[in-house]
Amino acid sequence: MKKALVSGGSGALGEAISRTLARDGLHVVVHAHAHPARAERIVETIRAEGGSAEAICFDVRDHQVCGDALEALVERIGPIQVIVNNAGIHDDVPLAGMSEAQWHNVVSVSLDGFFNVTRPLLLHMLSTRWGRIVNLS
């Protein structure tokens with residue numbers, strides 16, 4: 001069974017992606033950071049619908065924590081073949097009023113998060129000689 005990780009899987013779009021991948025027969029790892037209970041609820045829904053899923057929680061902004069969590073995941077379930085980089089935040093202020101800290105937080109989740117999630121999984125994915133990486137922005 002192919003495995004997929006959906007970063008930001010606990011959000012509305014992440015849930016739709018996770019449920020679709022599960023319906024397509026993949027084991028789905030639903031990622032959360034701020035809403036782990038929601039990720040668990042999505043996993044329960046997927047399982048109730050006959051799919052295979054589990055939840056994982058970590059901060060995509062933290063390179064070390066992210067890498068450690070993903071290496072442990074791969075050790076436990078094997079390579080991830082589908083990565084959906086869906087984690088993202090926005091700070092609803094006009095650019096003219098945005099602070100540097102707000103800007104860096106958005107960039108850290110959206111761009112650093114892509115790097116921090118994809119890099120530790122990439123060589124494992126390549127070892128299966130099949131994979132897909134989908135980036136949402």
Side-chain angles (χ1 to χ4, degrees):
M1 173 182 289
K2 289 188 170 98
K3 297 166 215 70
L5 170 73
V6 180
S7 72
S10 64
L13 183 57
E15 177 178 7
I17 293 166
S18 296
R19 290 176 71 185
T20 299
L21 290 169
R23 279 193 297 271
D24 288 344
L26 284 81
H27 174 76
V28 179
V29 180
V30 180
H31 164 262
H33 175 235
H35 305 288
R38 182 170 163 107
E40 290 292 348
R41 184 192 59 73
I42 294 166
V43 166
E44 290 173 12
T45 300
I46 289 170
R47 289 178 180 166
E49 294 171 344
S52 176
E54 64 185 271
I56 192 169
C57 186
F58 58 85
D59 185 349
V60 299
R61 297 173 296 184
D62 189 317
H63 178 76
Q64 187 66 49
V65 167
C66 189
D68 291 347
L70 293 172
E71 285 297 328
L73 177 69
V74 170
E75 282 181 26
R76 191 170 47 75
I77 69 170
I80 302 291
Q81 289 91 3
V82 177
I83 304 168
V84 180
N85 287 299
N86 175 62
I89 62 168
H90 56 87
D91 216 330
D92 285 331
V93 295
L95 184 59
M98 182 179 274
S99 71
E100 185 176 349
Q102 288 170 305
W103 172 257
H104 285 291
N105 194 38
V106 170
V107 169
S108 183
V109 172
S110 300
L111 295 179
D112 294 339
F114 154 78
F115 178 82
N116 292 338
V117 168
T118 303
R119 186 169 183 258
L121 298 175
L122 194 55
L123 290 178
H124 299 291
M125 178 190 289
L126 290 170
S127 75
T128 69
R129 303 184 59 87
W130 190 95
R132 301 292 184 266
I133 301 171
V134 180
N135 301 313
L136 288 89
S137 64

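All values derive from a computational prediction rather than experimental measurement. Numbering starts at 1 and runs along the sequence shown.
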*Is the number of heavy atoms from other residues, nucleotides or ligands under 6.0 Å of Arg129 CZ greater than 12?*
no
*Within a strict 4.5 Å, meaning less than it, do heavy atoms of the Ile17 and Asn86 side chains meet?*
yes
_Minimum side-chain heavy-atom gap Val84-Ile133 below 4.5 Å_ = no
*How far apart are the C-alpha atoms of Leu136 and Leu13, what are their side-chain angles, what is the distance that settles it, and do they pass the side-chain contact (heavy atoms from CB on, under 4.5 Å) test?*
CA-CA 10 Å; Leu136 288 89; Leu13 183 57; 3.6 Å; yes
*Verdict with supporting geometry, Phe58 and His33, ring-ring contact (aromatic ring centres under 6.0 Å, His included)*: CA-CA 5 Å; Phe58 58 85; His33 175 235; 8.6 Å; no
*Under a 4.5 Å cut-off applied to non-hydrogen side-chain atoms, are Ser127 and Pro79 in contact?*
yes
*Is the number of heavy atoms from other residues, nucleotides or ligands within 6.0 Å of CH2 (Trp130) greater than 12?*
yes
*Can you check side-chain contact (heavy atoms from CB on, under 4.5 Å) on Thr128 and Lys2, steps first, answer last?*
CA-CA 10 Å; Thr128 69; Lys2 289 188 170 98; over 6 Å; no
_Path from Ile77 to Val28 over hydrophobic side-chain contacts below 4.5 Å_ = no
*Do Trp103 and Val60 belong to the same hydrophobic cluster, where Ile, Leu, Val, Met, Phe, Trp and Tyr are linked whenever their side-chain heavy atoms lie under 4.5 Å apart, directly or via other members?*
no
*Do Ile42 and Val29 share a hydrophobic cluster (ILVMFWY, side-chain heavy atoms under 4.5 Å, transitive)?*
no
*Check Glu54 against Val43 and note the closest heavy-atom contact, atom names and distance.*
C-CG2, 3.4 Å
*Is the closest side-chain heavy-atom distance between Ile56 and Leu5 below 4.5 Å?*
yes
*Measure across Pro120 and Gly67 and return the closest heavy-atom pair with its distance rounded to 0.1 Å.*
CG-CA, 4.1 Å
_Does Val30 form a side-chain contact (heavy atoms from CB on, under 4.5 Å) with Val6? I'd like the steps, not just the answer._
CA-CA 5 Å; Val30 180; Val6 180; 5.9 Å; no
_In the structure I gave you, are the side-chain heavy atoms of Asp112 and Arg61 within less than 4.5 Å of one another anywhere?_
no
*Can you name the nearest heavy-atom pair linking Val82 to Ile80, along with the distance?*
O-CG2, 3.2 Å
*Determine the minimum heavy-atom distance between Cys66 and Asp59, stating which atoms define it.*
CB-O, 4.1 Å
_Distance alone, cut at 3.5 Å: any donor-acceptor contact between the side chains of Ser52 and His27?_
yes
*Could you tell me which non-hydrogen atom of Leu70 sits nearest to which non-hydrogen atom of Asn116, and how far apart they are?*
CD1-O, 3.9 Å
_From Asp68 atom CG to Leu73 atom CG, the distance as rounded to the nearest 0.5 Å_ = 12.5 Å
*How about His124: does its NE2 atom have over 12 heavy atoms from other parts shown lying under 6.0 Å from it?*
yes
*Does Leu26 reach the side chain of Lys3, with side-chain heavy atoms less than 4.5 Å apart?*
no
*Is a side-chain donor or acceptor of Ser110 paired with a backbone partner of Val107 at a separation under 3.5 angstrom?*
no
_Residues, nucleotides or ligands: over 12 heavy atoms within 6.0 Å of Arg23 CZ_ = yes
*Starting at CG of Asn135, measure out to CG of Asn85 and round the result to the nearest 0.5 Å.*
4.5 Å
*asked:* With a 4.5 Å cut-off on side-chain heavy atoms, are Ile89 and Asn105 touching?
replied: yes
*Are Leu122 and Phe114 grouped together when hydrophobic residues (ILVMFWY) are joined by side-chain heavy atoms under 4.5 angstrom apart?*
no
*Side-chain donor-acceptor contact under 3.5 Å, Glu15 with Ser18*: no
*Can you name the closest pair of heavy atoms from Ala39 and Ser10 and give their distance?*
N-CB, 3.9 Å
_Would a single hydrophobic cluster contain both Phe115 and Val134, if residues Ile, Leu, Val, Met, Phe, Trp and Tyr are joined by side-chain heavy-atom contacts under 4.5 Å?_
no
